[in-house]
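Each ligand, and each atom within it, is numbered from 1 in the order the structure gives.
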Amino acid sequence: MDLGLKDKVAIVTGAGRHIGRQIALTLAEEGAKVVVNDYFEGRANSVAEEIKAAGGEAMGVKADVTNADEVKEMVKKVVEKYGRVDILVNNAGIMPLDPGHSPGGLKTFAQIDRKGWDDSFDVCMYGVMNCTRAVIEGMISQNYGKILNIMSDAGRMGEPRLVAYSAAKAGHAPCLPYRQRAG
Ligand SMILES: NC(=O)c1ccc[n+]([C@@H]2O[C@H](COP(=O)([O-])OP(=O)(O)OC[C@H]3O[C@@H](n4cnc5c(N)ncnc54)[C@H](O)[C@@H]3O)[C@@H](O)[C@H]2O)c1
């Protein structure tokens with residue numbers, strides 16, 4: 001089945017491993033030019049190399065999605081190389097279980113401190129906003145764009161030991177009416 005992704009330019013954030021990596025590989029298999037973003041440069045480059053080795057087109061870009069300047073710089077590099085951004089997959093997210101990048105373990109509402117809240121919101125909420133803001137004007141002016149936010153059941157139902165993560169994921173919900181308005 002042709003998904004119509006041939007030569008589309010797609011940025012996948014947090015694509016250096018697991019879910020984001022698989023999204024990047026699948027987009028590349030469908031013919032998209034994939035920008036593999038990750039906080040860790042080695043992860044981003046290794047997935048980009050994997051795509052290229054399989055005959056696809058990709059570039060690895062290290063950028064911290066919580067940093068609006070780094071995100072803008074990433075989008076600038078992408079537009080310089082590929083001319084546009086057609087698809088943004090806001091996948092980067094942290095759960096308190098990631099030992100490489102962690103607010104430090106599962107915590108209940110009573111246990112979590114301000115830093116734990118900030119860490120979850122920085123990536124799962126402001127990261128999504130930074131990346132979306134960096135591509136949205138270009139998408140509007142080219143009259144084409146797809147933005148996918150990887151949410152979580154935690155954001156729909158809440159998880160007792162992932163309270164900040166759940167709240168940050170629930171924060172994606174206001175994006176939905178925009179998608180509906182945009183058609
Ligand atoms: N794994 C699950 O069971 C599950 C369930 C529901 C939703 N999700 C969501 O799916 C997405 C991917 O989950 P995963 O399990 O593959 O995560 P993961 O932690 O395995 O991988 C996330 C990647 O994002 C990168 N990353 C983290 N912070 C970043 C930042 N500030 N800037 C750029 N890159 C950053 C990490 O380096 C990592 O390579 C997340 O948004 C997560 O919330 C995961």
Does Lys52 NZ have over 12 foreign heavy atoms under 6.0 Å away?
yes
Would you mind telling me if ligand 1 is within reach of the side chain of Asp153, the backbone, both or neither, using heavy atoms under 4.0 Å?
neither
Please report the interatomic distance CD(Gln111) to CZ(Arg161), rounded to the nearest 0.5 Å.
8.5 Å
Just checking, is any N or O donor in the side chain of Thr132 or Asn90 under 3.5 Å from an acceptor N or O on the other one?
yes
Closest to atom 18 (P) of ligand 1 by heavy-atom distance, out of Lys169, Arg17, Glu70, is Arg17
Per-atom contacts, ligand 1 versus Ile150 - under 4.0 Å to a heavy atom:
9 (C), 10 (O), 11 (C), 41 (O)
Quick one: which of Ser152, Gly93, Ala168 has a heavy atom closest to atom 22 (C) of ligand 1?
Gly93
List every atom of ligand 1 that sits less than 4.0 Å from any heavy atom of Phe40, numbering the atoms from 1 in the order shown and giving each element.
37 (O)
Heavy-atom distance to atom 11 (C) of ligand 1: which of Asn130, Ile19, Asn91 wins?
Asn91
Arg84 CZ to Lys8 NZ distance, which is reported to the nearest 0.5 Å:
6.0 Å
Please check whether Asp38 reaches ligand 1 - meaning an N/O of the residue sits under 3.5 Å from an N/O of the ligand, judged on distance alone.
yes
Just which atoms of ligand 1 are under 4.0 Å from any heavy atom in Asp64?
30 (C), 31 (N), 32 (N)
Count the heavy atoms belonging to other residues, nucleotides or ligands that lie under 6.0 Å from NZ of Lys76, then report whether that count exceeds 12.
no
Where does the angle between the aromatic ring planes of Tyr126 and Phe121 fall among parallel (under 30°), tilted (30 to 60°) and perpendicular (over 60°)?
tilted
Gap between atom CG of Asn91 and atom NE2 of His18 - 0.5 Å precision
11.0 Å
Examine the side chains of Glu30 and Thr26 and answer whether a donor and an acceptor come within less than 3.5 Å of each other.
no
Would you mind listing which atoms of ligand 1 come within a distance below 4.0 Å of any non-hydrogen atom of Tyr165?
7 (C), 8 (N), 9 (C), 42 (C), 43 (O)
Indicate, as side chain, backbone, both or neither, the part of Arg43 found under 4.0 angstrom from ligand 1 when only non-hydrogen atoms are considered.
side chain
Can you tell me which portion of Ala63 lies within the under-4.0 Å heavy-atom range of ligand 1? Options are side chain, backbone, both, or neither.
backbone
Does ligand 1 have an atom that lies less than 4.0 angstrom from a heavy atom of Arg21?
no
d(Met129 CE, Ile136 CD1) to nearest 0.5 Å is 12.5 Å
Only heavy atoms of Tyr39, strictly under 4.0 Å: list the atoms of ligand 1 that pass.
29 (C), 30 (C), 32 (N), 33 (C), 34 (N), 35 (C)
